[in-house]
Each structure stands twice: as structure tokens, then as C-alpha cells.
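Below: the structure, in C-alpha cells.
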Amino acid sequence: MKITLKDGSTVEYPAGTKIIEITAGISKGLAKNALVAKFNGNMVDLSVPVEEDGTLEIFTFADEEGQQAFRHTSSHILAQAVLRLYPGTKLGIGPAIENGFYYDFDSEHKFTPADLEKIEEEMRKIIKEDLPLERQTLAREEAIEFFSDKKEDYKVELINDLPEDAEISLYKQGEFIDLCAGPHLPSTGKVKAIKLLSLAGAYWRGSEKNKMLQRVYGTSFTKKSELDEYIFRIEEAKKRDHRKLGQELKLFTLLEEGPGFPFFFPKGMVIRNELESYWRLIHQQWGYQEIKTPIILNRQLWERSGHWHHYRENMYTTIIDEEDYAIKPMNCPGSMLVYNAELHSYRDFPIRTAELGLVHRHELSGALHGLMRVRSFTQDDAHIYMLREQMTEEIKGVIDLVDSVYRLFGFEYHVELSTKPEKAMGSDEDWEAATAALEQALQEKGMAYKINPGDGAFYGPKIDFHLRDSIGRTWQCGTIQLDFQMPEKFDLTFIGEDGQKHRPVMIHRVAFGSIERFIAILTEHYAGAFPCWLAPVQVKILPITQRQLGYADELARELSKDGVRVEIDKRSEKIGFKIREAQLEKIPYMLVIGDKEEENRNVALRKRGEGDKGTVDFVEFKQELLQEIAARA
RNA sequence: GCUGAUGUGGCUCAGUGGUAGAGCAGCGCAUUCGUAAUGCGCAGGUCGGGGGUUCAAAUCCCCCCAUCAGCUCCA
């Protein structure tokens, strides 16, 4: 029997040799670290005997596949511990997730944080028992009978939903048996460091129509040091939380008086305004025209656009002079009214109208999250009206614009293509044409993308840009939506070459997504240490004694004259204290001035992240600073 | 919206049935100081809101609101 390894080499073994034995033949170290394997494309346990020629790949904790199995086995240990401590608990599902695992339980007992410690202790016992995991397969009927006997209703439901031809496998470790496709680690003893992290409710199968189960989250590693490092990273990430930094740096606040409706402080407004002027600059460069449309528009408009029917539960409404009005949840209808306010020629196309539009959407109270999920936010919206032939070019243009924005901030992102949802307007042909245009643009750009079937907007398919933030969460920011429906609904026309009226198509798109969310992401991305061009205060002047106040004023005037945001700490505090405060405020540059500096007309410079830079010439400093700001470096 | 937890001065938190506390911030006075916290003093809270139990409620019970974690949803 011939086995081909990952590096292309082959080894010979008699049929029936177990993978773990083959692994040991390759390297003792690999056998020790091996967790699961892939044989001829199928993920398998190490204990599986090999009966035929094939390719073999061995995974350790360094591999995605190895971590998956490791966490998956961890979740079985969790379930086993819970069943030992709370007999009668029914099991939901217990998969591995990024950075850990969870298991859902249906139990009379309401788990508390204190219980987590007890469960964790039991889990350690199970690990110490080093129980081997054994796989067995059952016929569908047998499996259903088996889990029915154990009153595991959820497992029975899962089995019933498995496809006809699916092999039904069970994994057994000690007294614990669970329905599971696998693969798993050879034994529970492989899991060295484990920690339960949190407790939460979760609907069975993710549907709010179903019963809410109790979900226990945890993580596990091969070494205690890795676990400690992970916990340290979580703590670090918490320090970057934009809600915490937003308060500490006095950027914004959320008050009970307006849940989900953020208030911006002067320092937060500086960041907003800087982002907006950058936005205006690039939109001018990319050939957009800015407009502004009203926040409240009448019911007929929203009926016409379809929002009144398709988006009703998210809209705030009001009554004016006994007529129904809605506060806009999107900017497109307003934009189309602007389009329709005059006649258009095919020569005008593409027409790119942009709007920083304040929209309101009723989000579920439990979904609100700082500036990331709010009920009122400003979209950096744009609507592009064009000919069908211009679609691909325009989409590519938007992709480039969005890319240049994200690159400026050094963000990683990936794109997803969402297709026709169940609740959709328009013909299948239009949807196909629109989806094809988006795909073509992505392919011509050579971009990798994931497809989200059924996740499009009700009026058209879309490309979404997902940013990766500092904690590794992804946030949808930019989106490009292609729309054949709204131009129809609003009877948008243009005069073609033939002198006849024709129907344009339109693109809806955002780059930042929402200014509010983007500020939140930036705050976490930079951990509050904004690049100089965005920093609310760019320079803080720290006089050592009151004698230098005059010189300080002089320097401040010199800087603010050229648009630099500068503050002077005039308090009669010691210099160490002033530096400490400026440091906590994450101010990019501090100018320390004492008698010496005033006498020589220079400054002692302190740079954020670098500390004391010594004495520098003020004029030179100012020039470099202005350059840095202008470059948005 | 659902499940669970939390809510005490601007901020961080102590206080579990018997007179509301601390540190930081603020204000005043003193200090004029060389690279991450100078000292002293003063003010500041109907304990998220409403109702109830009790001689007495921040503390016990009920309802509501908000926040946090997760689910669902999403820019």
C-alpha cells in the first residue's frame, strides 16, 4: 500500500496500518503533535486504519484543521462535564468556532458564572482521565432509537434532518456519547489548557421562533502559555474598545435620553469633519457631485420606493398635517427625486451624485452597540445613474475608490457578493444581469470574493466590503448595490441618441459605510492614537512655569494660523504631570518650553510613542508637521 | 425583540434592612517646578425610574427604562 505525503514523497505500509503509526514512522515529533488527518480528501481520526493507496496529510495545532478538531473535542469534554454535574441536561450543538468552541444546553438548571468554574474543574478531571475517543457508525433508525432512549430530542431532530445518504457517526469518550461527524483527537488528554469564558442565551438552530438554550463559550490550547497569551490579548482588545476610548478621549457619548442616537463632543466632531473633508476631496477627484436631501419625506414616496412595504419595521414614522411621513432609512429615494428634477441626456452619463445622508433605522434594542450599531447614522452615500454599457466600468471605479480609502487607513478587507433574497422586487432576468455585472467587475479586478446567496437588498444584488478590526471582528462598511428596480419605480428617464426616452440603471454605494461606525472602527484600529491629520488635538504646548505663557501663546498662534489644532496646558502643574495627561490624551506632539527654549526660540519636542526627542527648531518642526498633516500620513 | 447579568456624584468603584462612602476629575489656596501623578482645603449623590413590603429600603418584592454579553438582525 502506497501512501503519498504532503511533500510528495511516498511511503509503503501493509494495508490496515493506522494513520498514527504511519505518522510515527515519519517523525516522532509529528506523531506527538498530530491531532487529526486528511486521507484522500476526507478528514479522519488518527486511529483510522488505512486500507488503500492514497494521499495523507497530518494536522497539528498549528493548522486550522488541527485547531478545529482540538476545539471540537474540547466542546465534547464540556458537554460530558455538564452531563456529569447536571444529569438530564439535553444537548444542542457544540461546534468549534474561531478562537474556541461552545456547546448549547437545554437544562432546568440556570447556569451561573460560578457554575462555569465547577464545570471547568470537571473538565480537567475528564482530561486527566485521558479517555480515548471512539468512533462508531449507526444506521439511521438505530441512531434515532439510541438518542430517543436518551431523551436527546435535539439530536433526534438533527438526525432526521441529515440527508438520506449521510453516514451517521457517534463519538464515545468514557460514559459520554455524542452524535458527531468528527474528526476528533485520539483522547481527551490531548487537551492541555482549557477555559470557559462566558455564558449566553442562544436560540436552537439560530431561529427566534425556537426555544432559547444556554450556551457556554470556552477556548482551549495545547499549552497553558498559549491560553494565557490569548486571555491577555482579549484584555488588550478590551482596552481598545471604542466605547471606553470614546469616553476617555471625550469623542462621543450615548445617553439614556436617546438610546442608539449618539451625541458627538467637540473632539469627536474634529474626527468627523476631517473624515468628511477627505471624503469631499476624493469624491471631487472621482467626479461626484454632492447633494443634500430631506430627512423626512411623505408616505407616498416610501410606498413608491417599496420601503413602506419592504422596510416598514425599521422605519420611524410621524404625522404632519394629518399626513403620514417617514424619517428616511435610506437616501436613494431623495436622490432619485433630485435626478428627476431635470431632464437628462445620455451625454451626461454617468451622473454620480453623493450625499452624506443622515438616516434613521429602528434597530432591535439588544443589537445596539456603541457607535458600531446605532439607530441614527450618516451614510457616505452615492447614487450613480448610467447606461447599461457603463455598469462594469462604474463598478470597477467604485471598487478602486473604496480600495484607496481603506488603504489610507491600512485596513485589511474582503469582499462578498450577495444575491437575490426571498423578499425581492423585479424580474429574474434583471437580477441575473445585475449579478453578472457585479461578478464581471470583480473578476476583471482579479478580486477573490465569497458569495452570500439570498443576502442582497430587496432592489438588487450587492458587493459588500468587510473590514477586519483590531479584535479580529469583521464589519461591513463599503457596499455596492446594482439596481434596475428603483429607476423603474421612479420612472427615471434620459434622452438617448435616438431622441427617445430610455431607462437608466443605478448603483447605490457607500465607502465608509456609516461615518459613526467608521469612527468606531478607526478608534479601535488605532487604539485611540489617531494619525496626526485626524487627531482632535495635534500639538499640546506644555510651559514649565507660568513665565513661558507668553511664548506659549506666540507658538500656538503661529501653529493655528496654519490650521494646526493646538492647546496650551496653562495650569500651574509640574511638567511631569502635564506630560502624563497629554500622553493619556494620546496627543501626537508635545512641545515642552522652559526658560531655555524661550531664550533660544526653540522647543523641546516629545513625540507620541517615541518620547523625548530633544530640542528642535520650531520652524522646522512646524514645516514637518504641516507636511505630515497634508499627506494624511 | 429574546436569554442572562448589571445600574450608587462627571469617571472608576466600596457599601446586603438602621445617619450614603473612597479615589480620580472639578473648584479655591499655596507651590513656579525640566520629561508619565505637588500639598492642603471645599463642594458635589431624591443610590436608573415608578410602585410595594417594613417602624425603617441603595439593600427585600413587582413593573418599566438603560447598559453589558450572546442570539437574531445589520451600515
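Lettering follows sequence order; numbering is per chain, from 1.
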Give a yes/no on whether any side-chain N or O of Y311(A) is located under 4.0 angstrom from OP1 or OP2 of C74(B). no
What integer distance in Å separates D106(A):CG from U3(B):P? 14 Å
Check every strand shown and say whether D595(A) touches a base, only sugar-phosphate, or nothing at a heavy-atom separation below 4.0 Å. base
Out of U32(B), A36(B), G70(B), which has the shortest distance to the side chain of I579(A)? A36(B)
A58(B) pairs with, by Watson-Crick or G-U criteria that keep both distances under 3.5 Å: none
Figure out the CG/P separation between L368(A) and C71(B), and round it to whole Å. 15 Å
C33(B), OP1 or OP2 - any side-chain N/O from R547(A) closer than 4.0 Å? yes
Give one of base, sugar-phosphate or nothing for V359(A), where a contact means two heavy atoms less than 4.0 Å apart. nothing
Report which part of the nucleic acid Q247(A) touches: base, sugar-phosphate, or nothing (heavy-atom distance under 4.0 Å, all strands). sugar-phosphate
Interatomic distance, L254(A) atom CG to F263(A) atom CZ [nearest 0.5 angstrom]: 8.5 Å
Could you give the distance separating C63(B) and A20(B) at their C1' atoms, to the nearest angstrom? 26 Å
Identify whether any heavy atom of A582(A) sits under 4.0 Å from a base atom; if not, whether one sits that close to sugar-phosphate; answer base, sugar-phosphate or nothing. nothing
Pairwise side-chain contact, V82(A) with Y103(A), heavy-atom cut-off 4.5 Å (strictly under): no
Would you indicate what K596(A) reaches in the nucleic acid, counting non-hydrogen atoms under 4.0 angstrom: base, sugar-phosphate, or nothing? base
Looking only at atom C1', what distance separates C68(B) and A37(B), rounded to whole Å? 31 Å
Among U32(B), A69(B), A66(B), the nucleotide that comes nearest once only the side chain of H369(A) is considered: A69(B)
Here the distance between atom C1' of C74(B) and atom CD of E313(A), to the nearest Å, is 12 Å
Could you tell me how far A22(B) sits from C60(B) if I compare only their C1' atoms? Round to whole Å. 27 Å
Which residue lies more 5' along RNA chain B, comparing G260(A) with F377(A) via nearest heavy atoms: G260(A)
Classify the nucleic acid contact of E597(A) as base, sugar-phosphate or nothing, counting any heavy atom under 4.0 Å across all strands shown. base
Please state the C1' separation for the pair G21(B) and A43(B) - nearest whole angstrom. 16 Å
Look at all strands and tell whether K244(A) reaches a base, only sugar-phosphate, or nothing, counting heavy atoms closer than 4.0 Å. nothing
Is the centre of the Y311(A) ring less than 6.0 Å from the centre of the F458(A) ring? no
What integer number of Å spans the P atoms of U46(B) and U59(B)? 15 Å
Checking D380(A) side chain against A511(A) main chain: does a donor-acceptor pair fall under 3.5 Å? yes
Distance in angstrom units between F105(A) CZ and G4(B) P, rounded: 17 Å
Say we look at G48(B) and U6(B): how far apart would their C1' atoms be, to the nearest angstrom? 11 Å
Taking the minimum atom-to-atom distance to the side chain of I544(A), which one of A36(B), A75(B), C33(B) wins? C33(B)
Looking at every strand, decide which applies to Q476(A) at a 4.0 Å heavy-atom threshold: base, sugar-phosphate, or nothing. sugar-phosphate
Look at all strands and tell whether G576(A) reaches a base, only sugar-phosphate, or nothing, counting heavy atoms closer than 4.0 Å. sugar-phosphate
Checking only heavy atoms, does the side chain of R606(A) share a donor-acceptor pair with the base of U35(B) at less than 3.5 Å? yes
Phosphate-side-chain proximity, K462(A) and A75(B), N/O vs OP1/OP2 below 4.0 Å: yes
What interatomic distance, in whole Å, is found between C1' of C29(B) and the corresponding atom of G45(B)? 26 Å
Which label fits F518(A) and F512(A): parallel for a plane angle under 30°, tilted from 30 to 60°, or perpendicular past 60°? tilted
Mutual orientation of the aromatic rings belonging to H360(A) and Y316(A) [parallel < 30°, tilted 30-60°, perpendicular > 60°]: perpendicular
Closer to the 5' end of RNA chain B via nearest nucleotide, is it I575(A) or R361(A)? I575(A)
Strictly below 4.0 Å: does R243(A) bring a side-chain N or O up to OP1 or OP2 of C68(B)? yes
Using a heavy-atom cut-off of 4.0 Å across all strands, would you classify R215(A) as base, sugar-phosphate, or nothing? sugar-phosphate
Name the closest nucleotide to the L364(A) side chain, picking from U72(B), A66(B), U35(B). U72(B)
Atom CD of E363(A) to atom P of A75(B): distance rounded to whole Å? 9 Å
Length of the CD-P vector between E256(A) and C65(B), whole Å: 11 Å
Can you check whether any acceptor in the base of G70(B) is under 3.5 Å from a donor in the side chain of Y203(A), or vice versa? no
Classify the side-chain pair D595(A)/Q548(A) by whether it contains a donor and acceptor separated by less than 3.5 Å. yes
Please classify the nucleic acid contact of Y102(A) as base, sugar-phosphate, or nothing, using heavy-atom distances under 4.0 Å. nothing
Mind calculating the distance between CZ (R373(A)) and P (C73(B)) to the nearest angstrom? 11 Å
Rounded off to whole Å, could you give me the NZ-to-P distance for the K578(A) and A25(B) pair? 15 Å
Closest to the R580(A) side chain: C33(B), A37(B), C74(B)? A37(B)
The single option from K244(A), R243(A), K239(A) that satisfies salt bridge (Lys or Arg N to Asp or Glu O under 4.0 Å) with D241(A) is R243(A)
Does S365(A) have a side-chain nitrogen or oxygen under 4.0 Å from the phosphate oxygens OP1 or OP2 of G1(B)? yes
R215(A) to Y102(A), cation-pi by 6.0 Å centre distance and 45° axis angle: yes
Please report the distance separating the P of A57(B) from the corresponding atom of G18(B), rounded so that it comes out in whole Å. 11 Å
